[in-house]
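Chain identifiers are assigned alphabetically (A, B, ...) following the order of the sequence lines, protein sequences preceding nucleic acid strands; residue numbering begins at 1 within each chain. This is a predicted model, so every value here is computed, not measured.
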2 protein chains.
Amino acid sequence: MPIDPNGPVPLYQQIADYIRQLVAAGVFRSAEALPSLRALAVQLAVNPNTVQRAYDQLEREGLVYARRGLGLFVAERGAELARNKSQEALYQTFMQAILAGKAAQLSGEKIGAIFQRALAGADVKARNQ
Amino acid sequence: MPIDPNGPVPLYQQIADYIRQLVAAGVFRSAEALPSLRALAVQLAVNPNTVQRAYDQLEREGLVYARRGLGLFVAERGAELARNKSQEALYQTFMQAILAGKAAQLSGEKIGAIFQRALAGADVKARNQ
DNA sequence: TATACTGTATTAGTAAGCTAATGCAGTAAT
DNA sequence: ATTACTGCATTAGCTTACTAATACAGTATA
């Protein structure tokens, strides 16, 4: 698991994002236990509270539920929620960016063109990895 | 000028963004003076240093240049740079969002569809204002 | 019941970023 | 030279957010 202690995005956020991806991809099946706080904390060389905070966030999103003494489990529709969450986040990001572009006097067509260029660029980037 | 002392985005950033828009729109013509640090600071009820920081950023971007004792002026190709800057920022934002979407197992088509929905949504939003 | 594992809560330290106070330095006009 | 304007630099206060230390509480098993 790729964790970068430096860099702008907080550790707990990186962890939450990564776990969310795994849940969305179905790596953890419904009602299957996720790694325990401390286990993951040791593996990532991070304080348990930091993992806790990530798990907290995922629980608030409804992806997982925690049982004290037992562990953490993927919620019934956890995978589906995770996918919806990703899409919603993407939509919000796009919306904000588009509004910023409009504020900068860019037309909808121009904004669309820039997006298409980025989409193509992302493909190339993915191919080179 | 709409400045929100609360809210997540720092004052100096709001100021810089707004001035950049004005420069992009050609409100200030080349070599024409912008409001002085203190004048703008008074108008916005903000510390001069905060405006200074915004102007600093715009100068680093090459949009304007400062002359001590004289004031701040729009650079030769300032308006053009401002427009390019906006497009480049938009491209970067799109790129990051797209990569996040791909990481979340979303296909390029799906990502494109979400973007189109956001673009349409932004139009509606603009119409209602 | 003792042990060893789970998650939870409280508190504190630390670092980064933003804003402001104050004084310095250059220009121009009276 | 004085005055009144420009931008610039240094420093400090303040807030916020992140991370960590530590202790508490529930569950299962030997």
With sequence neighbours left out, write down each residue that passes side-chain hydrogen bond (donor to acceptor under 3.5 Å, both in side chains) with [X], or none if nothing qualifies.
{"X": "A:K102", "value": "B:D123"}
{"X": "B:Q87", "value": "none"}
{"X": "A:K85", "value": "none"}
{"X": "A:D56", "value": "A:Q52"}

Let me know the distance between [atom1] of [X] and [atom2] of [N], rounded to the nearest Å.
{"X": "A:L58", "N": "C:dT8", "atom1": "CG", "atom2": "C1'", "result": "16 Å"}
{"X": "A:F73", "N": "C:dG7", "atom1": "CZ", "atom2": "C1'", "result": "11 Å"}
{"X": "A:L11", "N": "C:dT14", "atom1": "CG", "atom2": "C1'", "result": "14 Å"}
{"X": "B:I3", "N": "C:dT19", "atom1": "CD1", "atom2": "C1'", "result": "13 Å"}
{"X": "B:Q13", "N": "C:dC18", "atom1": "CD", "atom2": "P", "result": "8 Å"}
{"X": "B:R67", "N": "D:dC8", "atom1": "CZ", "atom2": "C1'", "result": "14 Å"}
{"X": "B:L72", "N": "D:dC5", "atom1": "CG", "atom2": "P", "result": "19 Å"}
{"X": "A:L40", "N": "C:dT6", "atom1": "CG", "atom2": "C1'", "result": "14 Å"}

In this structure, is the centre-to-centre distance between the rings of B:F94 and A:F94 below 6.0 Å?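 So the answer is yes for these two rings.
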Whether each nucleotide of nucleotides 25-30 of chain D has a protein heavy atom under 4.0 Å at its base (B), only at its sugar-phosphate (S) or at neither (-) is summarised, 5' to 3', as BBSS--
Output every pair passing side-chain hydrogen bond (donor to acceptor under 3.5 Å, both in side chains) with a member in residues 69-83 of chain B, not counting sequence neighbours, ordered by first then second residue.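 Qualifying pairs: B:R77-B:E80.
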Worksheet item: Among all residues two or more places apart in sequence or in another chain, which pass the side-chain contact (heavy atoms from CB on, under 4.5 Å) test with B:E88?
Response: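 Listed in chain order: B:Y91, B:Q92.
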- Which parts of residues 46-55 of chain A get close to DNA chain D, meaning a heavy atom less than 4.0 angstrom away?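 Heavy-atom contacts with DNA chain D come from A:N47, A:N49, A:T50, A:R53.
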I'd like to check the ring-ring contact (aromatic ring centres under 6.0 Å, His included) partners of B:Y12; sequence neighbours left out, ordered by chain and number.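 Testing B:Y12 for ring-ring contact (aromatic ring centres under 6.0 Å, His included), a comparison that skips the adjacent residues, returns none.
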- Task: Kindly indicate, with the supporting measurements, whether the criterion side-chain contact (heavy atoms from CB on, under 4.5 Å) is fulfilled by B:F115 and A:I98.
- Result: CA-CA 9 Å; B:F115 169 79; A:I98 290 166; 3.8 Å; yes
- Which of the following nucleotides, D:dG7, D:dC18, C:dG7, is nearest to the side chain of A:Y12?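 Looking only at side-chain atoms, A:Y12 lies closest to D:dC18.
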